[in-house]
Amino acid sequence: DKARRDPKCGKARQLLAVPFVGKDRPSTQSEFSHPDVTIGFTIMAYRLHGMRQPDLHNLFRIMIEDMKTENTVRYHRRQACKTYVDMVVRAGGLVKGFSDTCLWLDDMKDEDLESFRKRQKEMLSKVEQSADESVSGWIATSKLRMWRLEQLDLGDMEQRKVLFDLLGRSPLAIQYLLENMVFLPGTGTLDASANQLTASGQE
């Protein structure tokens with residue numbers, strides 16, 4: 001977080017794991033020079049601590065951009081939208097218009113849709129009974145009525161709060177961020193060639 005506030009800080013130090021010189025004391029300059037070590041420790045850091053708020057913002061910015069590139073297909077059939085629904089469902093939530101098996105409701109058979117409606121009603125009933133009127137209670141009920149990807153507004157703090165609570169530690173969400181931003185060649189973190197993958201040991 002300190003690195004993010006420094007305008008001179010490189011992208012690698014903001015997104016990749018860095019060496020520590022002591023307990024809770026990250027090195028101010030040094031970086032891992034071996035790419036396998038950098039990649040391994042970065043994956044561990046995201047899996048152990050989850051994503052930060054700026055990471056989540058970057059994740060959905062990328063997903064929305066990917067969604068917009070498939071402009072000849074209906075939203076619910078676009079790959080980015082399907083991936084988002086899968087993330088939410090595996091994290092224990094539900095997306096409006098989709099079932100708990102990630103199917104678009106209009107594509108389901110009548111008996112399957114009826115069965116899902118019963119499960120959905122039971123899930124909402126359990127959450128509403130245990131949830132109070134606090135912020136955490138509102139978040140718990142919102143997780144079962146999640147916005148579709150095309151409905152997300154990254155400037156809406158309420159949406160971001162619910163998304164962070166649900167997907168901040170989601171393995172699928174972390175994987176998408178790592179593959180499409182953090183480890184993507186040419187983004188200023190890791191450099192790649194056809195024969196070799198390298199990481200800089202210093203700025």
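Every heavy atom of this structure was used, including side-chain atoms; hydrogens, water molecules and symmetry mates were not.
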Exercise for the section: Spell out, as yes or no, whether a donor-acceptor pair under 3.5 Å connects the side chain of S125 to the backbone of K121. Expected result: no
Completion exercise
Tightest non-hydrogen contact, residues T42 and V182, listed as CG2-CG1, 4.3 Å
Problem - Which atom of L184 lies closest to which atom of E179, heavy atoms considered - result: CD1-O, 3.7 Å
Problem - Within 6.0 angstrom of R119 CZ, more than 12 heavy atoms from elsewhere - result: yes
Exercise for the section: Might you confirm whether atom CG of D110 has over 12 heavy atoms from other residues, nucleotides or ligands at distances under 6.0 Å? Expected result: no
Exercise for the section: Return yes if some donor-acceptor pair links the side-chain N/O of R78 with the main-chain N/O of V73 below 3.5 Å, else return no. Expected result: yes
Give every donor-acceptor pair under 3.5 Å between a side-chain atom in residues 85-94 and any protein atom, sequence neighbours left out.
{"residue": "D86", "atom": "OD1", "partner": "R90", "partner atom": "NE", "Å": "3.2"}

Problem - Test salt bridge (Lys or Arg N to Asp or Glu O under 4.0 Å) applied to R77 - qualifying residues, sequence neighbours left out - result: D107
Fill in the blank from the handout: ring pair (Phe, Tyr, Trp, His ring centres under 6.0 Å) with W104: of Y75, F98, F116, only one passes, and it is F98
Practice task
Using atom types as modelled and distance alone, determine if a side-chain donor or acceptor of D66 lies under 3.5 Å from a backbone N or O of M63.
Solution key: no
Problem - Pairing of E150 and R148 as salt bridge, 4.0 angstrom limit - result: yes
Problem - Atom NZ of K96 with >12 non-hydrogen neighbours under 6.0 angstrom - result: yes
Problem - R61/E65 ion pair, N-O < 4.0 Å - result: yes
Exercise for the section: Please say whether more than 12 non-hydrogen atoms of neighbouring residues, nucleotides or ligands are located less than 6.0 Å from CZ in F164. Expected result: yes
Practice task
For the pair D165 (side chain) and K161 (backbone), establish whether a donor and an acceptor sit closer than 3.5 Å, ignoring hydrogens and angles.
Solution key: no
